[in-house]
Amino acid sequence: MFNMLRQRYLDILASVYIYNEHRGYTSIDRVLEAVRACCPDDHQFIAEVEKHRADERKHYVMFKRWFELKGSRPFKVDRTCGHIDRFVEIMFGRGIDALDTQAIIANKDQFERLCRVIMLTEQRGMRQVDVLLKSPLVKSDPVMMKIFRIIERDEPSHWQPYEAWLERTGRKPASWIERAVDFWIHRELLLFKIPALYLNPWLGRQNDWADVGEAPSAVIAV
């Protein structure tokens, strides 16, 4: 019984992560367009955002491989469990898919707000990985531990470029409102949404992978 409950928790956790990693790298495609337009001469910043995108894709593939090794698919998780989805909706008044990239490029205030949202999201992710690496439930799965160790290593390079750009261009640091929104989204996910998924006996699994139709990536050993 304990093993069944433990495995359900790990499946829920991996399902939330694989959703967020997929949303991460597909959303960064739009961020990259804005960075290249707003900072065309800042080649280091552009390269760092490109690495961020590649890492998010790598993390998605690792979680996908974790499920494939188990012979299963992720649970059906939607935007209500997406940290960046919720953050963008609150700060911009619309979902990621509805964001007007050209408007963000034309409005530097919106561009710097987007950088702060990404920075705070990735900083939150880094702190959460530190917690998970100490979790006995996560430690019980060596493959998942290996995945989170890789994420731990990659995570600083995901928020530092945005913070560095904000600082060197004299932009505003994250406000208390932005930090409060980030805190609430995280608590909402931990205290309400993940428990609701765990306790939902009718929660189904995805029929297909989120990246179906995308160019294949190299298989990553986990």
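- Ion pairing between a basic and an acidic side chain is recognised when a charged N comes within 4.0 Å of a carboxylate O; E152 and R149 show such pairing.
- In this structure the side chain of E48 reaches within 4.5 angstrom of the side chain of Q44, judged on heavy atoms.
- Follow the hydrophobic side-chain contacts under 4.5 Å out from V129 and you reach I18 in the same cluster.
- One finds no salt bridge joining R94 and D100 here, because no Lys/Arg side-chain nitrogen approaches an Asp/Glu carboxylate oxygen to under 4.0 Å.
- Side-chain atoms of L5 and Y9, non-hydrogen and from C-beta on, never get closer than 4.5 Å to each other.
- Taking hydrophobic clusters as Ile, Leu, Val, Met, Phe, Trp and Tyr residues chained together by side-chain heavy-atom distances below 4.5 Å, M4 does not share a cluster with W202.
- Taking CD1 of I150 as the reference point, atom CE of M62 lies at 4.5 Å (rounded to 0.5 Å).
- Looking only at atom types and distance, the side chain of E56 has a donor-acceptor partner in the side chain of H52 under 3.5 Å away.
- When all heavy atoms of R6 and S140 are compared, the pair lying nearest together is NH1-OG, 3.0 Å.
- Side chain of Y25 to main chain of K58: no donor-acceptor pair is present (N/O by atom type, distance under 3.5 Å, no hydrogens or angles).
- Across all non-hydrogen atoms, the minimal contact from V35 to F45 is CG1-CD2, 3.8 Å.
- N20 places a side-chain N or O within donor-acceptor distance of the main-chain N or O of C81, the cut-off being under 3.5 Å.
- Of the possible polar contacts, none joining the R86 side chain to the E188 backbone as a donor-acceptor pair under 3.5 Å is found.
- Between P161 and P156, the shortest heavy-atom contact is CD-O, 4.4 Å.
- Using a 4.5 Å heavy-atom threshold, the side chains of D11 and K70 count as touching.
- The CH2 atom of W176 sits 13.0 Å away from atom CZ of R179, with the distance rounded to the nearest 0.5 Å.
- Residues I185 and I96 share a single hydrophobic cluster, defined by chaining ILVMFWY side chains whose heavy atoms lie under 4.5 Å apart.
- Under the 4.5 Å side-chain criterion, counting only non-hydrogen atoms from C-beta, R187 is not in contact with F192.
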**Report entry** Audit row: R57, D211, salt bridge (Lys or Arg N to Asp or Glu O under 4.0 Å) steps and yes/no
**Finding:** CA-CA 10 Å; R57 172 63 175 160; D211 65 340; 3.1 Å; yes
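- Criterion: ILVMFWY side-chain heavy atoms under 4.5 Å apart, direct or through other members. Under it, M144 and L137 are part of a common hydrophobic cluster.
- For the pair A34 and I104, the tightest heavy-atom approach, listed with the atom from each and the gap, is CB-CG2, 4.5 Å.
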Query - Check against side-chain contact (heavy atoms from CB on, under 4.5 Å), V16 and K193 - result: CA-CA 10 Å; V16 170; K193 294 181 178 177; over 6 Å; no
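- In K108, the NZ atom is not crowded: 12 or fewer heavy atoms of neighbouring residues, nucleotides or ligands sit closer than 6.0 Å.
- Counting heavy atoms from C-beta outward, H158 and H59 have side chains that approach closer than 4.5 Å.
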Requested in this report: Would you please test E122 and M126 for side-chain contact (heavy atoms from CB on, under 4.5 Å) and show each step?
Outcome: CA-CA 6 Å; E122 296 298 335; M126 183 175 67; over 6 Å; no
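- Scanning all heavy atoms of the two residues, the minimum distance from M119 to A174 falls at CE-CB, 4.1 Å.
- No continuous path of hydrophobic side-chain contacts links I105 to M91 [ILVMFWY only; heavy atoms under 4.5 Å].
- Between Y17 and F148, the ring-plane angle classifies as perpendicular under the 30° and 60° cut-offs.
- At a threshold of 4.0 Å, the pair K64-E21 does not count as salt-bridged, since none of the basic side-chain nitrogens sits closer than that to a carboxylate oxygen.
- Remark: D55 CG to R53 CZ distance equals 11.0 Å, nearest 0.5 Å.
- With values rounded to the nearest 0.5 angstrom, L166 atom CG is found 5.5 Å from C115 atom SG.
- Between I12 atom CD1 and Q7 atom CD the span is 11.0 Å, to the nearest 0.5 Å.
- Within the 4.5 Å cutoff, the side chain of R73 has heavy atoms near those of the W209 side chain.
- Atom CG of D85 and atom OH of Y19 lie 3.5 Å apart (nearest 0.5 Å).
- Shown here are the ring-ring contact (aromatic ring centres under 6.0 Å, His included) partners of F111, two or more places apart in sequence or in another chain: W165.
- Using a 4.0 Å cut-off between charged nitrogen and carboxylate oxygen, R79 and D97 do not count as a salt-bridge pair.
- Proximity of D42 to R168: side-chain heavy atoms (C-beta onward) are separated by under 4.5 Å at one or more points.
- Residue W66 comes nearest to A14 through the heavy atom pair CZ3-CB, 3.5 Å, listed as atom of the first residue, atom of the second, then distance.
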Query raised in the report: What do the steps show when you test I118 against F87 for side-chain contact (heavy atoms from CB on, under 4.5 Å), and what is the final call?
Result: CA-CA 9 Å; I118 297 170; F87 213 161; over 6 Å; no
Query - R113 vs R116, side-chain contact (heavy atoms from CB on, under 4.5 Å): CA-CA, chis, key distance, verdict - result: CA-CA 5 Å; R113 183 190 306 164; R116 289 195 299 270; 3.9 Å; yes
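- Looking only at side-chain heavy atoms (C-beta outward), Y198 and L203 stay at 4.5 Å or farther from each other.
- Relative to the six-membered ring of F75, R8 meets both conditions, a distance below 6.0 Å and an angle of at most 45° to the axis.
- E178 pairs with exactly one of I90, V117, L120 by the side chain to side chain contact (heavy atoms under 4.5 Å, CB included) rule, that one being L120.
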